[in-house]
Amino acid sequence: MWLCALQLVSGRHWPDNRAQITELLAELPAERPLLALLPENFALFGERQGYLDGAESLGEGPIQAQLSEWAREHNIWLVAGAMPTRIEGEARIHTSSLVFDPQGACRGVYHKLHLFDVDVADSQGRYRESESFSPGETPVTVPSPLGTLGLSICYDLRFPELYRTLVAAGARILLVPAAFTRFTGAAHWETLLRARAIENQCWVVAANQGGDHETGRETFGHSMIVDPWGTVVACKGEGPGVVSARFDPEQATLLGERMPVLRHARLMNMNAEHGDGEQIEST
């Protein structure tokens with residue numbers, strides 16, 4: 001079994017980004033089953049109007065058609081890190097993660113819960129996702145032969161309660177597609193990813209954008225795969241590339257038996273007993 005993260009330096013135009021992804025998919029390991037994760041903004045990385053114009057309705061559009069074709073062609077579980085999707089009757093859109101199985105069927109959709117409305121000491125300075133995007137409402141897990149997948153997107157990484165909710169719902173592989181900035185990534189990216197793996201005793205697959213974009217944005221890269229002990233087993237600095245790691249899902253099970261952190265999590269277990277847990281969608 002393989003976990004793979006594709007690191008891109010995406011631009012404004014889908015055909016250029018599609019060509020970059022096509023080249024990287026050809027580099028995947030031959031063994032199956034395999035999961036490949038694309039980063040946030042893999043299809044379109046631009047300004048506000050570009051996202052609004054390029055958004056697709058769920059189940060329709062050339063980007064989703066290509067994702068389905070890639071999943072079938074390569075016989076993989078393909079997770080489309082995050083792309084803009086339309087909300088019927090609304091001016092704003094979602095940023096959404098879509099999971100395709102090896103037959104090309106979409107098996108789950110997650111809309112980003114936490115929007116990046118912050119000021120950062122970099123060349124852009126001000127980020128306001130809420131001007132274009134509407135937040136999702138529900139955490140999402142998706143069953144797969146590699147293990148149940150827990151979906152998240154970029155800024156979600158800073159909210160550990162989301163990941164504990166996903167794990168309580170059965171997630172064993174946590175997915176983090178991102179466009180972390182170079183400034184915030186250098187400070188926090190690896191630390192946060194390793195923390196999410198350690199505290200939840202899960203595999204973490206993180207696919208980041210990684211370089212200088214035509215819009216002037218600067219992203220950190222360092223896409224990585226982290227095992228349940230918190231060890232970074234594969235990582236790439238900047239620039240396009242594939243990060244791959246063979247994994248054994250039993251590693252997390254054995255760790256949980258020897259150090260049963262999740263069974264010892266009293267607040268999580270008390271909430272479950274009293275029915276106070278968050279609603280979660282499992283597809």
Side-chain angles (χ1 to χ4, degrees), residues 3-10 37-42 45 79 81-82 95 97 110-133 135-136 139 149-167 171 173-213 215-243 245 261 265:
L3 300 174
C4 300
L6 276 64
Q7 183 164 290
L8 306 175
V9 183
S10 297
L37 175 65
L38 295 170
E40 186 179 31
N41 299 333
F42 68 89
F45 199 123
V79 183
T95 183
S97 186
Y110 165 71
H111 304 305
K112 186 176 184 179
L113 283 169
H114 302 98
L115 300 182
F116 193 55
D117 285 3
V118 304
D119 298 312
V120 175
D122 64 6
S123 59
Q124 180 158 327
R126 182 180 185 273
Y127 298 83
R128 294 293 184 272
E129 285 188 336
S130 63
E131 293 177 353
S132 305
F133 297 95
L149 312 176
L151 306 186
S152 68
I153 300 172
C154 200
Y155 190 48
D156 286 335
L157 182 58
R158 296 184 180 273
F159 300 88
E161 63 274 15
L162 169 60
Y163 297 90
R164 188 50 58 93
T165 300
L166 293 170
V167 169
I173 302 171
L174 303 175
L175 303 180
V176 188
F180 248 64
T181 70
R182 187 170 285 150
F183 180 82
T184 58
H188 300 145
W189 173 247
E190 181 177 333
T191 300
L192 289 169
L193 290 170
R194 294 182 67 195
R196 299 296 87 85
I198 294 166
E199 67 199 8
N200 293 298
Q201 299 181 322
C202 284
W203 288 86
V204 172
V205 184
N208 199 20
Q209 294 281 347
D212 299 321
H213 302 264
T215 60
R217 285 277 297 274
E218 301 172 347
T219 49
F220 182 61
H222 293 79
S223 298
M224 64 180 64
I225 298 170
V226 186
D227 74 13
W229 187 246
T231 302
V232 177
V233 296
C235 180
K236 177 175 176 57
E238 292 194 357
V242 179
V243 178
V261 170

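Every value quoted in this text rests on a predicted model; they were computed, and no experiment measured them.
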K.L.:
Do H111 and F133 touch side chain to side chain, with heavy atoms closer than 4.5 Å?
P.N.:
no
K.L.:
Is there a side-chain contact between E129 and K112, using heavy atoms and a 4.5 Å cut-off?
P.N.:
yes
K.L.:
Are the side chains of P139 and L162 in contact, using a 4.5 Å heavy-atom criterion?
P.N.:
yes
K.L.:
Is there a side-chain contact between L174 and V167, using heavy atoms and a 4.5 Å cut-off?
P.N.:
yes
K.L.:
Would you say that L113 contacts Y155 through its side chain, given a criterion of any heavy-atom pair below 4.5 Å between the two side chains?
P.N.:
no
K.L.:
Should T184 and F220 be marked as a side-chain contact (heavy atoms from CB on, under 4.5 Å) after you check the CA-CA gap, both sets of side-chain angles, and the distance that decides it?
P.N.:
CA-CA 8 Å; T184 58; F220 182 61; over 6 Å; no
K.L.:
In chain order, what residues pass the side chain to side chain donor-acceptor pair (under 3.5 Å) check against E190, with sequence neighbours excluded?
P.N.:
none
K.L.:
Tell me the closest heavy-atom pair linking A245 and V233, and the distance in Å.
P.N.:
CB-CG2, 3.8 Å
K.L.:
Out of curiosity, S152 OG to R158 CZ, how far, rounded to the nearest 0.5 Å?
P.N.:
13.0 Å
K.L.:
Taking ring-ring contact (aromatic ring centres under 6.0 Å, His included) as the test, write out the residues that go with F45, two or more places apart.
P.N.:
H213
K.L.:
Whether R182 and E238 form a salt bridge (side-chain N of Lys/Arg under 4.0 Å from carboxylate O of Asp/Glu) is what I want to check.
P.N.:
yes
K.L.:
Of all residues at least two apart in sequence or in a different chain, which pass the side-chain contact (heavy atoms from CB on, under 4.5 Å) check with P177?
P.N.:
L37, I153
K.L.:
side-chain contact (heavy atoms from CB on, under 4.5 Å) with Q7: which residues, sequence neighbours excluded?
P.N.:
S223, K236
K.L.:
For a 4.5 angstrom cut-off between non-hydrogen side-chain atoms, does P240 reach V9?
P.N.:
yes
K.L.:
Going by side-chain contact (heavy atoms from CB on, under 4.5 Å), name the residues that satisfy it together with S132, two or more places apart in sequence or in a different chain.
P.N.:
R48
K.L.:
Taking ring-ring contact (aromatic ring centres under 6.0 Å, His included) as the test, write out the residues that go with Y110, two or more places apart.
P.N.:
none
